[in-house]
Amino acid sequence: MCHWRGLALGLLAVLLLGCTTTKPVRSTTWLDRFKRGVGPTGSDVVALDVAIIERPAGDRYLNDDLWTAADEQVVLMERRAILEDNGFRVGQVGGLTPAPLQELLSNKRSNPAPRHRELHAAKPVPLDLGPARPVCEFQVQRDGEPTTIRLEQAQCTLEVTPTLTADGRVKLTFVPQVVHGEATLMPRPAPDGSGWMLPQTRPTERYATMAWEVNVPPNDYVVIGTRYGQEQTLGHQCFVTADNAAAVQRLLVIRTSRAAPVSDESVASEDGGTLWTPPLASQATMNRVRGTAP
């Protein structure tokens, strides 16, 4: 019995010694692979900090007070008229961020899902403006006459294309879009030439006549919302959801910069860029790209 007890103790000592001298093995998971999978690189990479603020429909700050601090002259006059006709409102906020906007961006309830995206200049990226809806109905001007558009299973988006300017700014080009209908399989060659892909695609209505541009200095905000009273417009459909008892109004906030190196918190996105949801503790150093006040 003593012999076996001594042998067991010896084996235990060897195991313990191995635990103290062997280097820990780092687990590899699909998340680790995404973290190591560096996003786009190069001198033309642009970073977009994106927040969609959510407030009760008709919120006074989103419809009135915000626009006293926003410069709406950043959009050319003729484009502003088209945007107004279609229910969109666009401005730029620079300098010291107004305290109410800072609070909205910093609050998780009002800004539940901020994103950080990195992509090459001149590459368009779609930004969803809210949940999909069973029916999206609005009017557009065709040949000077209002025409009613009705789209089912619809998702309102803004296609955003960043380009670099000689003076260090980023020019953002916006095109309203509505993705709708049933998904279908559309074969196309794989990007690496290895064969064919069968990605799901859905019909997309692209309203290029409503497109606009904004030249954004580093760390300024572009704010995009709707003119709340224009319920029959595409802008209203993009930013107001009234399908349930608690109607919600949204505001899109974007900040641009030249991309920093990808960190361990970066996760690769499907479009080849990176997505990053920053922790609340880091919001103050990010100029508060976060939520809405309670």
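Throughout, residue positions are numbered sequentially from 1 according to the sequence presented. All values reported here derive from a predicted model rather than from experimental measurement.
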> To the nearest 0.5 Å, tell me how far Arg150 CZ sits from Cys136 SG.
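Going from CZ on Arg150 over to SG on Cys136, the span is 10.5 Å.
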> For Thr209, enumerate each residue passing the side-chain contact (heavy atoms from CB on, under 4.5 Å) test, keeping only those at least two apart in sequence or located in another chain.
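Not a single residue meets the side-chain contact (heavy atoms from CB on, under 4.5 Å) criterion with Thr209.
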> Just verifying a value: how many Å separate Cys238 SG and Asn86 CG, rounded to the nearest 0.5 Å?
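Answer rounded to 0.5 Å: 10.0 Å.
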> Working to the nearest 0.5 Å, report the span between CG of Leu151 and CZ of Arg133.
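Taking CG in Leu151 and CZ in Arg133, the distance rounds to 11.0 Å.
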> Apply side chain to side chain contact (heavy atoms under 4.5 Å, CB included) to residues Gln73 and Arg80 and explain how you reach the verdict.
CA-CA 8 Å; Gln73 308 300 313; Arg80 289 203 307 273; 3.2 Å; yes
> Using every non-hydrogen atom in the two residues, find where Gln141 and Pro146 come nearest and quote the distance to one decimal.
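For Gln141 versus Pro146, the nearest heavy atoms are OE1-N, 3.8 Å.
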> Which residues pass the side-chain contact (heavy atoms from CB on, under 4.5 Å) test with Leu164, not counting sequence neighbours?
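For Leu164, the residues satisfying side-chain contact (heavy atoms from CB on, under 4.5 Å) (neighbours in sequence not counted) are Asp44, Val46, Ala121, Val170, Arg258.
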> Can you find a pair of side-chain heavy atoms, one from Arg202 and one from Thr184, that are under 4.5 Å apart?
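No. Closest side-chain heavy atoms not under 4.5 Å.
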> Do the non-hydrogen side-chain atoms of Val160 and Pro124 ever get within less than 4.5 Å of each other?
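SC-SC contact between Val160 and Pro124 ruled out.
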> Would Thr147 and Gln139 count as a side chain to side chain contact (heavy atoms under 4.5 Å, CB included) here? Give the steps.
CA-CA 5 Å; Thr147 301; Gln139 291 183 345; over 6 Å; no
> Please name all residues satisfying side-chain contact (heavy atoms from CB on, under 4.5 Å) with Pro203, sequence neighbours left out, ordered by chain then number.
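So Pro203 forms a side-chain contact (heavy atoms from CB on, under 4.5 Å) with His180.
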> Taking atom CD1 of Ile52 and atom CZ of Arg250, what is their separation to the nearest 0.5 Å?
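These two atoms lie 7.5 Å from each other.
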> Do the side chains of Tyr207 and Trp212 join up, straight or via other hydrophobic residues, at under 4.5 Å, putting them in one cluster?
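Yes.
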> So among Arg255, Arg115, Arg117, which one has a salt bridge (Lys or Arg N to Asp or Glu O under 4.0 Å) with Asp49?
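The salt bridge (Lys or Arg N to Asp or Glu O under 4.0 Å) with Asp49 is passed solely by Arg255 among Arg255, Arg115, Arg117.
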> Just wondering, do Leu119 and Val45 contact through their side chains at under 4.5 Å, heavy atoms?
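When only atoms from C-beta onward are counted, Leu119 and Val45 do not touch, as no gap falls below 4.5 Å.
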> Look at the side chain of Trp67 and the backbone N and O of Leu62, then say whether any donor-acceptor pair between them is shorter than 3.5 Å.
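Indeed, once roles are kept as given, a pair shorter than 3.5 Å links the two residues.
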> Test salt bridge (charged side-chain N to carboxylate O under 4.0 Å, His left out) on Lys108 and Glu54; report intermediate values, then the result.
CA-CA 10 Å; Lys108 188 174 182 179; Glu54 299 181 351; over 6 Å; no
> Could you check whether any side-chain heavy atom of Ile254 comes within less than 4.5 Å of a side-chain heavy atom of Leu172, counting everything from C-beta outward?
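Yes, at least one pair of side-chain atoms sits under 4.5 Å.
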> Given Cys156 and Phe239, is the side chain to side chain contact (heavy atoms under 4.5 Å, CB included) satisfied, shown in steps?
CA-CA 9 Å; Cys156 295; Phe239 290 100; over 6 Å; no
> Ignoring hydrogens, what is the shortest heavy-atom contact between Ala69 and Val93? Give both atom names and the distance.
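Heavy atoms only, the tightest pair is O-CG2, 4.3 Å.
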> Hydrophobic clusters here meaning ILVMFWY residues chained together by side-chain heavy-atom distances under 4.5 Å, can you tell me if Ile82 and Phe138 are in one?
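Result: no, two separate clusters.
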> Any side-chain to backbone donor/acceptor pair from Thr161 onto Ala122? Under 3.5 Å, distance only.
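Here the side-chain-to-backbone pair does not exist.
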> At what distance, to the nearest 0.5 angstrom, does OG1 of Thr233 lie from CE of Met210?
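CE of Met210 is found 8.5 Å from OG1 of Thr233.
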> Hey, are Glu137 and Gln237 close enough side-chain-wise for a donor-acceptor pair under 3.5 Å?
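No, because no side-chain N or O of Gln237 sits under 3.5 Å from a partner of the opposite role on Glu137.
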> Would you check if Pro131 and Thr241 make a side-chain contact, meaning some heavy-atom pair closer than 4.5 Å?
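Yes, at least one pair of side-chain atoms sits under 4.5 Å.
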> Let me confirm one number: the OG-NE2 distance from Ser257 to His116, rounded to the nearest 0.5 Å.
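So the OG of Ser257 and the NE2 of His116 are separated by 6.5 Å.
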> Hey, does Val90 have a side-chain heavy atom less than 4.5 Å from the side chain of Leu83?
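Yes - at least one pair of side-chain heavy atoms lies under 4.5 Å apart.
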> So which atom in Arg227 and which in Phe88 form the shortest heavy-atom distance, rounded to 0.1 Å?
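That would be NE-O, 3.6 Å.
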> Please write out which residues are connected to Val240 in a hydrophobic cluster, directly or through intermediates, given that two of Ile, Leu, Val, Met, Phe, Trp, Tyr count as joined at side-chain heavy-atom separations below 4.5 angstrom.
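Reading the cluster by chain and number, Val240 sits alongside Tyr228.
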> Between the main-chain N or O of Glu103 and the side-chain N or O of Asn107, is there a donor-acceptor pair closer than 3.5 Å?
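No: the side chain of Asn107 does not pair with the backbone of Glu103.
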> Can you sort out the partners of Gln232 under side-chain hydrogen bond (donor to acceptor under 3.5 Å, both in side chains), two or more places apart, ordered by chain and number?
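For Gln232 there are no side-chain hydrogen bond (donor to acceptor under 3.5 Å, both in side chains) partners, ignoring immediate neighbours.
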> Donor-acceptor pair, Gln230 side chain versus Glu84 backbone, under 3.5 Å?
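Flag set: sc Gln230 to bb Glu84 pair under 3.5 Å.
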> Treat each ILVMFWY residue as a node, draw an edge where side-chain heavy atoms are under 4.5 Å apart, and state whether Leu48 and Val175 are in one component.
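No, Leu48 does not connect to Val175 through the hydrophobic network.
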> Which one of Val179, Leu158, Leu252, Thr157 satisfies the side-chain contact (heavy atoms from CB on, under 4.5 Å) criterion with Asp128?
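Per the side-chain contact (heavy atoms from CB on, under 4.5 Å) rule, the option paired with Asp128 is Thr157, out of Val179, Leu158, Leu252, Thr157.
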> Using distance alone, with no hydrogens and no angle criterion, decide if Asn63 and Gln249 have a side-chain donor and acceptor under 3.5 Å apart.
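Side chains of Asn63 and Gln249: pair found under 3.5 Å.
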> Out of Ile224, Leu66, Leu129, which one pairs with Leu251 under the side-chain contact (heavy atoms from CB on, under 4.5 Å) rule?
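That would be Leu66.
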> Under the side-chain hydrogen bond (donor to acceptor under 3.5 Å, both in side chains) test, which residues partner Gln92, sequence neighbours left out?
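Listed in chain order: Asp220.
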> Side chains of Asp65 and Arg60, heavy atoms from C-beta outward: is any pair under 4.5 Å?
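Yes, their side chains come closer than 4.5 Å.
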> In terms of hydrophobic clustering (I, L, V, M, F, W, Y; side-chain heavy atoms under 4.5 Å; direct or indirect links), are Val178 and Ile149 co-clustered?
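Yes, Val178 and Ile149 fall within the same hydrophobic cluster.
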> Could you walk me through whether Leu101 and Tyr61 satisfy the side chain to side chain contact (heavy atoms under 4.5 Å, CB included) test, starting with their C-alpha distance in whole Å, then the side-chain angles of each, then the deciding distance to 0.1 Å, before giving a yes or no?
CA-CA 9 Å; Leu101 180 59; Tyr61 186 75; 3.5 Å; yes
